[in-house]
Amino acid sequence: MTATGTVVIGAGVGGLVAALELALAGEAVTVLEADDRVGGKLRQITVGPHSLDSGPTVFTMRWVFDALFAAAGSSLEEAVQPRALEVLARHYWPDGSRLDLHADSERSAEAIGDFAGAAAARQFLRFCEQTRRMYTTLEEPFLRSPQPSTAGLSLRVLRRSPAGLLHIHPFRSMAGALARNFTDPRLRQLYGRYATYCGSSPYLAPATLMLIANVEQQGVWQLRGGMQSLADALYRLALAHGVQFHFNSKVADIETHAGRVSGVRTVAGELVTSGAVICNADPAALRLGLLGDSACGALPASSAERSLSAVTWGLACSTGGADLAHHNVFFSPDYRQEFRELLEQQQLPGSPTVYVCAQDRGPDVPAPDQPERLLCLVNAPARGDSRPFTDEEIAACATRTFQILARCGLNLKPEPAQQTVTTPNDFARRFPGTGGALYGQASHSWRSSFSRPGSRTQITGLYLAGGGTHPGPGVPMAALSGKLAAQSRLADRASTAPCQPTAIAGGISTP
């Protein structure tokens, strides 16, 4: 097989977006995917006769995909029929308290006032303004930049606003900043959970990650066919613009010649020649030589800590007690102890915080029939390749997980035939080199945001996309990484292209 344009390894969101962006620019694109379908971490599983999302479940930053679909002559609205959630998430504590966060910040302030008092409502509104400034300060110089540096980011921020660096609090811990913002410990715990969106601890992550709260405040949507429908829609769009896909085509080697990419070789032994490759895999796979010895030098060595993994249960079961929203969080009684166990002791927590996505619940949806489809998730250490979890450890974790749900008011009675369990061991096999880490490296210092690999590598013609690269994990961030990788490839192609005659006013051409 010969590719005359760019080869994309992996059809996760980052790879799909990179392929589509390149195709829209007139590039020939070939995608090699090890699985039998697109999506990467976006995937659906079958539980009995039911299908349900078992990867990312939160859809934010809709503008990223609106722009992409529009550029391709399509419409996100028509492709996946997103429905805005009025309740962003419903939160439960073991003491019986409950709090809804709303898309309307004034409604959230009112709910927080009823929950924790008028002072807490005022603190929330100040927090909203603070996180809005954070997001506004960082969107252009960080999120949209191919590979920002600390000096470059600081300069761009200062040019826009002399006080800009004061807005992002890079040297303060998230937990420390939240202690300044909220007097109620439950609200500190609630907003500290946003660090786990990056697979990190709020006690180690920089306060800058509080901007995730603003991202959700901008809107959370539920996709009619689930999150997998987004990957399927991107696939159809890429096909329509000429991208070629080859499934069950696992890449064994990225080959190089004279310091630049020359092609890739599949496990089946097929050589695909190309001078440009976008790798939509975790950067750890490159560093560990899992994509060939030649590609080991693509990235500098890294001692970065892995992000968290997870244990998930896909269920089809009857529910009782708590009235679920689409997104629900059931908090542990001791959050700091939970992260000590996860990170310092590298073990599953004795009393975990549990995320539950009730996939049959949402706006304008009648009460779901029983059984209903649920994805339950708890954080776990990413040790699936070094010290795999035993069946006994996972069974004990399940017992503790369903106990905390019951303690917070949700009663579930899953039948063994109606559940599918996924562990860090499974994620480690599915995403080589990660140990099951789902978010690349952990964001446990201000430097971590700048140590993620950018679009370009040290091998000419080899580019990166995906949640393990800049700008970070999450569906919209992975999409942005794909866009940045495509832009880098196109810019490099233009800079090395032979000079062509260029028309100027008056009809004269210059070489």
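If you read the sequence from its start, that first residue is 1, and numbering goes on from there. Below, all heavy atoms of this structure are taken into account, side chains as well, without hydrogens, waters or symmetry copies. Treat the numbers as computed from the prediction; the structure is a model and nothing was measured.
- The structure places CD of E341 at 12.0 Å from CD of Q346, a figure rounded to the nearest 0.5 Å.
- For the residue pair P381 and L342, the shortest heavy atom distance occurs at CG-O, 3.5 Å.
- For the atom pair R193 CZ and T353 OG1, the distance stands at 8.5 Å (nearest 0.5 Å).
- Of all non-hydrogen atoms in T434 and F431, the two that sit nearest each other are OG1-O, 2.7 Å.
- Checked for salt-bridge contact, E393 and R383 meet the test: a charged N lies under 4.0 Å from a carboxylate O.
- A distance-only check finds a donor-acceptor pair linking the side chain of T457 to the backbone of L462 [under 3.5 Å].
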Step by step, would you call V475 with K41 a side-chain contact (heavy atoms from CB on, under 4.5 Å)? CA-CA 9 Å; V475 173; K41 291 187 176 74; over 6 Å; no
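- Distance alone, capped at 3.5 Å, is enough to place a donor-acceptor pair between the E33 side chain and the A11 backbone.
- Although no hydrogens or angles enter the test, the distance criterion places a donor-acceptor pair under 3.5 Å between the side chain of S488 and the main chain of L484.
- Of the charged side-chain nitrogens involved, at least one lies within less than 4.0 Å of a carboxylate oxygen, so that E255 and R265 count as a salt-bridged pair.
- Under the 4.5 Å side-chain criterion, counting only non-hydrogen atoms from C-beta, S481 is not in contact with R452.
- Under a 3.5 Å cut-off, the side chain of R98 and the backbone N or O of W93 do not form any donor-acceptor pair.
- For R186 and F331, the positive end is not near the middle of the six-membered ring at less than 6.0 Å and at most 45° from its axis.
- Side chain of H91 to main chain of L99: a donor-acceptor pair is present (N/O by atom type, distance under 3.5 Å, no hydrogens or angles).
- For the residue pair T6 and R489, a side-chain donor N or O sits within less than 3.5 Å of a side-chain acceptor on the partner.
- Between V329 and V356, every side-chain heavy-atom pair lies at or beyond the 4.5 Å cut-off.
- Looking only at side-chain heavy atoms (C-beta outward), E372 and R361 come within less than 4.5 Å of each other.
- The aromatic rings of W221 and F59 stand perpendicular to each other, their planes meeting at an angle above 60°, with 30° marking the opposite boundary.
- Using modelled atom types, no side-chain atom of D253 and backbone atom of L291 make a donor-acceptor pair closer than 3.5 Å.
- The two residues T420 and T46 come nearest to each other via the heavy atoms OG1-O, 3.5 Å.
- A donor-acceptor pair is defined here as one N or O able to donate and one able to accept, closer than 3.5 Å; such a pair exists between the side chain of T266 and the backbone of E270.
- With a 4.5 Å cut-off on side-chain heavy atoms, E338 and S332 count as touching.
- The two residues L85 and G362 have their closest heavy-atom pair at CD2-CA, 4.5 Å.
- Using a 4.0 Å cut-off between charged side-chain N and carboxylate O, D282 and R306 make no salt bridge.
- Taken from CG in L76 to CZ in F69, the straight-line distance is 5.5 Å, to the nearest 0.5 Å.
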Test side chain to side chain donor-acceptor pair (under 3.5 Å) on Y355 and T57; report intermediate values, then the result. CA-CA 11 Å; Y355 165 74; T57 56; 2.6 Å; yes
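- Using a 4.5 Å heavy-atom cutoff, the side chains of Y203 and M174 are not in contact.
- Under a 4.0 Å N-O distance rule, the pair D35/R43 does not qualify as a salt bridge.
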side-chain contact (heavy atoms from CB on, under 4.5 Å) evaluation trace for R456 with Y463: CA-CA 5 Å; R456 293 181 175 89; Y463 307 89; 4.0 Å; yes
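- Atom CD of Q458 sits in a crowded spot, with more than 12 heavy atoms from other residues, nucleotides or ligands closer than 6.0 Å.
- Atom NE2 in H326 sits 3.5 Å away from atom SG in C357 (nearest 0.5 Å).
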Which is it for L374 and L324 under the side-chain contact (heavy atoms from CB on, under 4.5 Å) test, yes or no, and what are the steps along the way? CA-CA 10 Å; L374 305 175; L324 297 173; 4.1 Å; yes
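- Separation of the Y197 and Y439 ring centroids does not fall under the 6.0 Å cut-off.
- A side-chain N or O of T423 and one of D426 form a donor-acceptor pair less than 3.5 Å apart.
- Smallest separation of non-hydrogen atoms from A486 and E21: CB-CB, 3.6 Å.
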Q244 and T30: CA distance, side-chain angles, deciding distance, side chain to side chain donor-acceptor pair (under 3.5 Å) verdict: CA-CA 5 Å; Q244 296 186 22; T30 301; 4.7 Å; no
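- Ring-centre distance between F247 and Y235: below the 6.0 Å cut-off.
- Using a 4.5 Å cut-off on side-chain heavy atoms (C-beta onward), N425 and I394 make no contact.
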Going through the checks in order, is the side-chain contact (heavy atoms from CB on, under 4.5 Å) test met by M134 and N214? CA-CA 8 Å; M134 276 186 177; N214 180 261; over 6 Å; no
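- The distance from the OG1 atom of T401 to the CD atom of Q403 is 9.0 Å, given to the nearest 0.5 Å.
- Residues V354 and F402 are not in side-chain contact: their nearest non-hydrogen atoms beyond the backbone lie 4.5 Å or more apart.
- Few gaps surround CG on N411; more than 12 heavy atoms of other groups in view lie less than 6.0 Å from it.
- With values rounded to the nearest 0.5 angstrom, L375 atom CG is found 8.0 Å from D53 atom CG.
- With D293 contributing its side chain and G289 its backbone, the two residues share no donor-acceptor pair below 3.5 Å.
- Checking side-chain atoms of S309 against main-chain N and O of G436 turns up a donor-acceptor pair under 3.5 Å.
- A pairwise comparison of heavy atoms in L348 and N379 identifies CD2-O, 4.4 Å as the closest pair.
- Between P202 and F339, some side-chain heavy-atom pair lies under the 4.5 Å cut-off.
- The main-chain N or O of S443 is found under 3.5 Å from a side-chain atom of S200 such that the two form a donor-acceptor pair.
- Checked against a 6.0 Å centroid threshold, the rings of F182 and Y191 count as neighbours.
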